[in-house]
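Quick caveat: nothing in here was measured; it's all calculated off a predicted structure. We count ligands from 1, going down the list as the structure has it; atoms in each ligand are counted the same way.
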Amino acid sequence: MNDVPEAADPNVIHRHTPGKAPERAPLLRLFVNIDHVATVRQARRGLAPDPVAAAQLCEQAGADGITAHLREDRRHIQDADLIRLAETLVTPLNFECAATPEMLALAERLRPVEVTLVPERREEVTTEGGLAVRQNVTVLAEAITRLRAAGVRSSLFIDADPDAIHAAAELGADAIELHTGPYAHAPHDPQRLAALRHGTELGRSLGLAVHAGHGLSVSNVGPVAAIPGIEELNIGHSIISRALFVGLAEAVREVRSVMQSARLP
Ligand code: PXP
């Protein structure tokens, strides 16, 4: 049974209800990761640019959801940003975090539509690899149970590795996010794309929703978007970078357009 706490619970900041996304019901959703708007802000530790205002622009430009990663060292997104995102977004929020007690407690307060659990190392520049699922079964199982009790979908960020995909299914995760970094580093290597395709097929056959992300851009997203069965792409750095030259709305539209073309029959 889904043990969803009462909406009036004073510990719950916001019971997020997805806005217009279901009406559009896209075959492939674009979630824009706005972390790097906060990276620019944190360069001066001021108020601008505001990642929440950026998220709203992304929604207006056609993003189906917003992703934000609260890192342990708070290098970009801050707790207050997540709270404002949860309060103001009209599309679903995907809260990306490590499966730590601190982050799970925040997820229970925010109750985003989805939490993507990622591995985190303080020294890394960005998330480097997928979760070592089998080595962290106890921690991940507890996290998934807590999220489910709060009415939050869980997604595990993993490499396109059959054993990790089986392990995610055994743990009862709702979704997996396949790490597209290896593909993004060598998009012309057919084996890397094939691994994503096979991983998607396996995940779906085990009843998992399949998402993908990391290192995707207008120039490499097409073949990934064309993989049937992938439901959601999380794209951040390339969109925020491109926005410097064409504006955020146009940068979102460009990626969406490539994704949509890739899904045309
Ligand atoms: N998915 C996950 C799990 C990530 O950690 C990141 C980076 O924060 C992304 C997607 C987005 O990657 P990129 O910024 O390279 O598009």
Side-chain angles (χ1 to χ4, degrees), residues 28-40 42 51 54-55 58 63-78 81-82 85 92-100 103 107 112 114-133 140 143 153-161 164 168 173-187 192 196 199 203 209-222 224-225 230-244 248 251-252 254-256 258-259:
L28 178 61
R29 300 183 295 269
L30 169 63
F31 274 52
V32 179
N33 181 318
I34 43 91
D35 293 349
H36 296 303
V37 178
T39 302
V40 177
Q42 293 312 108
C58 292
D64 301 293
I66 300 297
T67 298
H69 183 178
L70 184 66
R71 295 187 70 103
E72 187 195 13
D73 63 8
R74 308 301 198 268
R75 71 175 67 156
H76 37 53
I77 293 291
Q78 307 294 304
D81 296 327
L82 266 169
L85 286 168
L93 169 64
N94 172 26
F95 171 24
E96 207 186 296
C97 61
T100 62
M103 295 299 163
E114 178 176 287
V115 163
T116 299
L117 297 171
V118 297
E120 200 172 295
R121 284 196 312 114
R122 212 170 242 263
E123 328 72 78
E124 70 193 357
V125 174
T126 181
T127 316
E128 283 171 353
L131 285 162
V133 185
L140 293 173
R153 283 166 57 79
S154 57
S155 177
L156 303 187
F157 181 62
I158 57 174
D159 295 321
D161 160 42
D174 295 297
I176 49 174
E177 180 178 337
L178 296 179
H179 188 358
T180 50
Y183 158 78
H185 282 123
R192 304 211 177 177
L196 293 172
V210 180
H211 310 161
H214 212 285
L216 296 176
S217 67
V218 274
S219 58
N220 65 21
V221 74
V224 177
I230 294 186
E231 289 178 23
E232 182 180 307
L233 296 181
N234 283 289
I235 307 181
H237 189 268
S238 70
I239 291 178
I240 306 305
S241 304
R242 178 82 177 137
L244 292 174
L248 190 49
V252 171
E254 284 178 358
V255 171
R256 265 201 80 83
V258 177
M259 285 168 55

Quick one: does V221's side chain get under 4.5 Å of M259's, heavy atoms only?
-> yes
Can you list the atoms of ligand 1 that are under 4.0 Å from a heavy atom of V118?
-> 3 (C)
Closest protein heavy atom to atom 5 (O) of ligand 1, given as residue, atom name and distance to 0.1 Å = E96 OE2, 2.6 Å
Out of S155, S217, G213, G236, the nearest non-hydrogen contact to atom 16 (O) of ligand 1 is supplied by G236
If you take all heavy atoms of H76 and Q42, which pair is closest and at what distance?
-> O-CG, 3.5 Å
Identify the closest protein heavy atom to atom 14 (O) of ligand 1: which residue and atom is it, and at what distance?
-> H237 N, 2.9 Å
Which atoms of ligand 1 sit under 4.0 Å from any heavy atom of I235?
-> 16 (O)
Which distance, rounded to the nearest 0.5 Å, do you find between the CD of E114 and the CD of E96?
-> 10.0 Å
Between N94 and T67, is any side-chain donor less than 3.5 angstrom from a side-chain acceptor?
-> yes
Looking only at side chains, do H211 and E177 share a donor and an acceptor under 3.5 Å apart?
-> no
Please write down residue, atom name and distance for the protein heavy atom closest to atom 8 (O) of ligand 1.
-> N33 ND2, 3.4 Å
Starting from atom 10 (C) of ligand 1, locate the nearest protein heavy atom and write down its residue, its atom name and how far away it is, to 0.1 Å.
-> E177 OE2, 3.3 Å
Atom 12 (O) of ligand 1: closest protein heavy atom, distance to 0.1 Å, is H214 CA, 3.4 Å
Salt bridge (charged side-chain N to carboxylate O under 4.0 Å, His left out) between D64 and R256: does it pass, once the steps are laid out?
-> CA-CA 10 Å; D64 301 293; R256 265 201 80 83; 2.6 Å; yes
With distance as the sole test, does R242 use its side chain to make a donor-acceptor pair with the main-chain N or O of A251 at under 3.5 Å?
-> no
Protein heavy-atom partner closest to atom 11 (C) of ligand 1 - residue, atom, separation in Å | N234 O, 3.9 Å
protein heavy-atom neighbour closest to atom 15 (O) of ligand 1 works out as G215 N, 2.8 Å
